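Sharing a structure here in C-alpha cells format.
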Amino acid sequence: MRQTVPLRRVASARAGDKGNISNVSVWAYEARHYADIKASITPEALKAAYPAQFRGQIERFELDHLHGMNFVIHDALEGGVNTSLNLDAHGKSFSFLVLDLPVTVDL
Amino acid sequence: MALRIGCGSGGEPDQPGPARDLVERGNLDYLCFESLAERTLAQGHVAARSASPGYSRKLETRFRAVLTGCHDQGIRIITNMGSADPLGAGHATADLARSLGLKLKIAVIEGDDVRQLISGDTPLEGVGGTVAGFGKPLVSANAYIGAEPIVEALHAGADIVVGGRISDSALFLAPIMHELDIALDNWDRIAKGILVGHLLECSTQVTGGYFADPGYKDVPDIDDLGYPIAEVQPDGSAVITKLPDVGGCVTELTVKEQLLYEVHDPSAYLTPDVSADFSRVTIQSVGKDRVRVDGAAGRQRPDRLKVQVGFEGGYLGEGEIGYAGPGARQRAELARDMIHRRIVERGGFQGDLRLDLIGVNSIHATAVERSSDTQDVRLRAALRSRDRQWADRLVADVESLWMGGPAGGGGFRGRVTETVVSQPTYIDRELVQTRVTYIET
C-alpha cells in the first residue's frame with residue numbers, strides 16, 4: 001500500500017562535519033524503497049523543510065548501487081565546531097532533521 | 001595470510017580497555033591510535049604554552065594498557081597522539097617502555113608544524129580573507145601529512161611510530177603500504193588502503209557506535225562496544241570485523257554509514273596520499289560481524305596539503321538554570337529575557353550572546369519547535385569574548401537567577417573555558433619537510 005511516512009521508517013542517516021560544512025548520508029533499509037526516497041528527499045525538500053537551518057547551498061551525491069545518498073550542506077554550522085555557540089556545534093543531530101522528512105513509499 | 005590491523009582509538013575521548021582487548025585476543029599485526037580532531041591539536045598547543053604536555057593526555061594510560069602485550073607479540077603501534085609535541089610524546093613513550101622493562105624502537109615524525117610557513121598574508125580558504133585579517137592571535141598551524149614518513153619508519157624497523165597531525169586514515173594506510181609493498185604512486189592500491197583507514201579511524205562508529213535508534217536500529221551489548229579490526233587481503237580488499245566476545249555489531253549498514261562520514265563528493269575524497277574514489281565501493285556481509293569491502297579507486301594525490309591554522313578563540317562563558325512544572329517554559333523565557341537585558345541592553349555586550357531553552361529548542365534552535373507543552377526546561381546562556389570579564393559576568397548573572405530570577409529556578413551550572421578556533425588553508429606539499437628520528441630503549 002502506498003503511504004506517506006517519516007523517512008526514519010524506511011532509511012537510516014548519519015551526519016558528519018568538516019569546518020562549516022555538514023554532510024548527512026541517507027541509506028534505504030530496503031532496496032525497493034530507494035527510488036521513492038531518491039525522488040522525495042532532494043536538496044530542495046531539505047531547504048523547504050528547514051529554511052532557517054539550511055541557508056547555504058546543498059549538493060546531493062548518489063551511490064545507487066548501495067541505495068544511499070549524501071547531502072553536503074554548506075554554511076550549515078554557524079561557522080563550524082569551534083566558533084559556534086550551539087550546544088550541538090557539530091550538527092550531529094542533523095541526521096534526525098532529515099529523517100523527519102516525509103516520504104511516500106509502497107510499504 | 002591477511003594482515004590484521006586494529007583500531008586502538010578513534011579520537012581523544014576513547015578509553016584504553018577495548019584496545020587492550022584487541023591486543024589480548026585480536027591476533028593483531030598493527031594497532032593504530034587516532035586521537036586528533038579539528039580542535040584537539042590547537043588545544044594541545046595551548047596546553048603546551050601553560051607548561052602542560054602538548055601531546056595527548058591519553059597517551060600514557062593507553063600505552064600502559066597495551067605496551068607489554070604489543071611488545072611480547074610483536075604488534076607494531078602507529079599513532080598521532082604526539083599532537084602538538086611529537087618528540088615529547090616519543091620520550092614519554094620511551095620512559096614508559098623503560099619502566100616496564102621493554103626494549104623498543106620508537107620513531108618520532110615531526111614536520112607537520114608549519115607555523116614558520118604561515119604569514120599574515122596567508123589566505124584562509126575556508127572563510128576567505130587572510131590570517132592577519134582574521135583578527136585573532138595565531139596559536140598553531142599544522143599540515144595534514146600522509147603515510148610516507150610512517151612507511152619509512154616501519155621500513156627502518158620501528159616498533160612504535162608517533163607523530164602529530166598525521167591524517168587519520170594514513171595511520172592505517174601506512175602498514176598496508178609497508179606490508180603489501182605498495183608504491184607511492186599506485187593510486188588504486190593506495191585508495192583501497194585509505195578506504196580501510198577511513199572505516200577504522202573513528203573506532204566504534206563502524207562497530208555500532210553513533211548508530212543505535214531503538215526500535216529501528218538496535219545494537220547488541222552497546223555498553224561494551226568493541227573497536228574494529230581490518231583483515232586486509234593481499235589484493236587490498238578487506239574484511240571489517242570485531243572481536244566475537246565484545247558488544248556492538250559490524251553490518252553492511254554500519255559500514256555504509258561510516259563510508260560517507262565526513263565525506264563530501266564520494267568520487268573525490270581528498271587525502272594527503274591520494275584522491276580516493278569511493279563511488280564504486282562494494283560492501284558485502286560475509287558472516288556475522290564480518291563485512292567485506294573493496295572497489296575503491298584512486299587518482300593522483302593533491303599537490304597541496306591541508307593546513308589547520310589555530311587561533312586564540314577567547315573565553316567561552318556558559319551558564320544554565322532549570323525550571324520545571326506548570327509554567328516552566330514561561331519562567332525560563334522570563335529568565336532568558338532578563339539575561340538578554342542585563343548583558344546586551346544594559347551591559348552593552350557587542351558580540352554574539354546565545355540563549356537557548358533546553359527542552360524546547362536548544363539543539364535545532366530555529367528549525368522546529370514542537371515541545372511547547374514541556375514542563376522541564378533549562379535556560380542555557382553562552383557567549384564568547386576575548387575579554388574574560390564578559391564570560392565571568394554572564395556566568396555570574398545566570399547564577400544570580402537562583403535568588404533574583406523567576407520562581408523555582410534550580411540546578412545552576414556555569415563555567416568559563418579558554419577556547420581556540422581553527423581554520424583551514426592549503427600549502428604546496430614540497431614546502432612541508434617531515435623528518436623521522438628514533439629513540440631506542
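Letters A, B, ... are given to chains in the order of the sequence lines, protein chains preceding strands, and every chain is numbered from 1. Just so it is clear, the model here is predicted, and its values are computed rather than measured. The figures that follow rest on heavy atoms only: side chains count, while hydrogens, waters and symmetry mates do not.
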*asked:* I'd like to check A/Trp27 versus B/Glu252 (side-chain heavy atoms, cut-off strictly below 4.5 Å). Are they in contact?
replied: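 Result no, sub-4.5 Å side-chain heavy-atom pair not found.
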_Let me confirm one number: the CD-NE2 distance from A/Glu59 to B/His264, rounded to the nearest 0.5 Å._
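With rounding to 0.5 Å, CD (A/Glu59) is 9.0 Å from NE2 (B/His264).
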*B/Tyr144: what forms a side-chain hydrogen bond (donor to acceptor under 3.5 Å, both in side chains) with it, not counting sequence neighbours?*
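Checked B/Tyr144 against side-chain hydrogen bond (donor to acceptor under 3.5 Å, both in side chains); matches are B/Gln308.
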*Please state whether the side chain, the backbone, both or neither of A/Phe96 comes within less than 4.5 Å of a heavy atom of chain B.*
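Only the side chain of A/Phe96 comes within 4.5 Å of chain B.
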_Contact class of B/Leu260 relative to chain A, heavy atoms under 4.5 angstrom_ =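 Answer is both: backbone and side chain atoms of B/Leu260 are under 4.5 Å from chain A.
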*Please state whether the side chain, the backbone, both or neither of A/His74 comes within less than 4.5 Å of a heavy atom of chain B.*
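No part of A/His74 comes within 4.5 Å of chain B.
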*Checking side-chain contact (heavy atoms from CB on, under 4.5 Å) against A/Leu66, which of B/Val255, B/Thr282, B/Leu259 comes through?*
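Among the candidates, only B/Leu259 passes.
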*Is any residue of residues 7-21 of chain A within less than 4.5 Å of chain B by heavy atoms, and which ones?*
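Within residues 7-21 of chain A, near chain B: A/Arg8, A/Arg9, A/Ser12, A/Ala13, A/Arg14, A/Ala15, A/Gly16, A/Asp17, A/Lys18, A/Gly19, A/Ile21.
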*Which one of A/Val24, A/Asp64, A/Leu87, A/Leu99 has the most heavy-atom pairs closer than 4.5 Å to chain B?*
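Option with the top pair count is A/Leu87.
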_Taking atom CG as the centre, does B/Asp352 end up with more than 12 heavy-atom neighbours from other residues, nucleotides or ligands that are less than 6.0 angstrom away?_
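It does not: B/Asp352 CG has 12 such atoms or fewer within range.
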*Spell out, as yes or no, whether a donor-acceptor pair under 3.5 Å connects the side chain of A/His65 to the backbone of B/Val281.*
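Indeed, once roles are kept as given, a pair shorter than 3.5 Å links the two residues.
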*Who passes salt bridge (charged side-chain N to carboxylate O under 4.0 Å, His left out) against B/Arg336, sequence neighbours left out?*
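Salt bridge (charged side-chain N to carboxylate O under 4.0 Å, His left out) list for B/Arg336, sorted by chain: empty.
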*Quick one: which of B/Lys217, B/Arg280, B/Glu318 has the most heavy-atom pairs under 4.5 Å with chain A, could you say?*
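Maximum pair count with chain A is reached by B/Lys217.
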_Short side-chain to backbone donor-acceptor contact, A/Asn23 and B/Val263, under 3.5 Å_ =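 Between the backbone of B/Val263 and the side chain of A/Asn23 there is a qualifying donor-acceptor contact (under 3.5 Å).
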*asked:* Nearest 0.5 angstrom please: B/Arg354 CZ to A/Ser84 OG, how far?
replied: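 Rounded to the nearest 0.5 Å, the CZ-OG separation comes out at 6.0 Å.
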*Calculate, to the nearest 0.5 Å, the distance between atoms OG and CZ belonging to B/Ser267 and A/Phe61 respectively.*
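CZ of A/Phe61 is found 7.0 Å from OG of B/Ser267.
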*Interchain contact, A/Tyr29 with chain B, by part (heavy-atom threshold 4.5 Å)*: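 Just its side chain gets close to chain B.
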*Does CD in B/Gln350 sit with more than 12 non-hydrogen atoms of other residues, nucleotides or ligands closer than 6.0 Å?*
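No - once you tally the heavy atoms of other residues, nucleotides and ligands closer than 6.0 Å, there are 12 at most.
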*Decide yes or no for B/Leu353 and A/Leu85: does some side-chain heavy atom of the first lie under 4.5 Å from some side-chain heavy atom of the second?*
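A side-chain contact is absent here, since even the closest heavy-atom pair is not under 4.5 Å.
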*Hey, what do you get for OG (A/Ser22) to CD (B/Glu262), rounding to the nearest 0.5 Å?*
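One gets 9.5 Å once the value is rounded to the nearest 0.5 Å.
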*Do any of residues 36-48 of chain A have a heavy atom less than 4.5 Å from a heavy atom of chain B, and if so, which, in residue order?*
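Within residues 36-48 of chain A, no residue comes under 4.5 Å of chain B, counting heavy atoms only.
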*Between A/Pro51, A/Ser93, A/Ser25, A/Gly91, which has the largest tally of heavy atom pairs under 4.5 Å with chain B?*
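The option with the most such pairs is A/Ser93.
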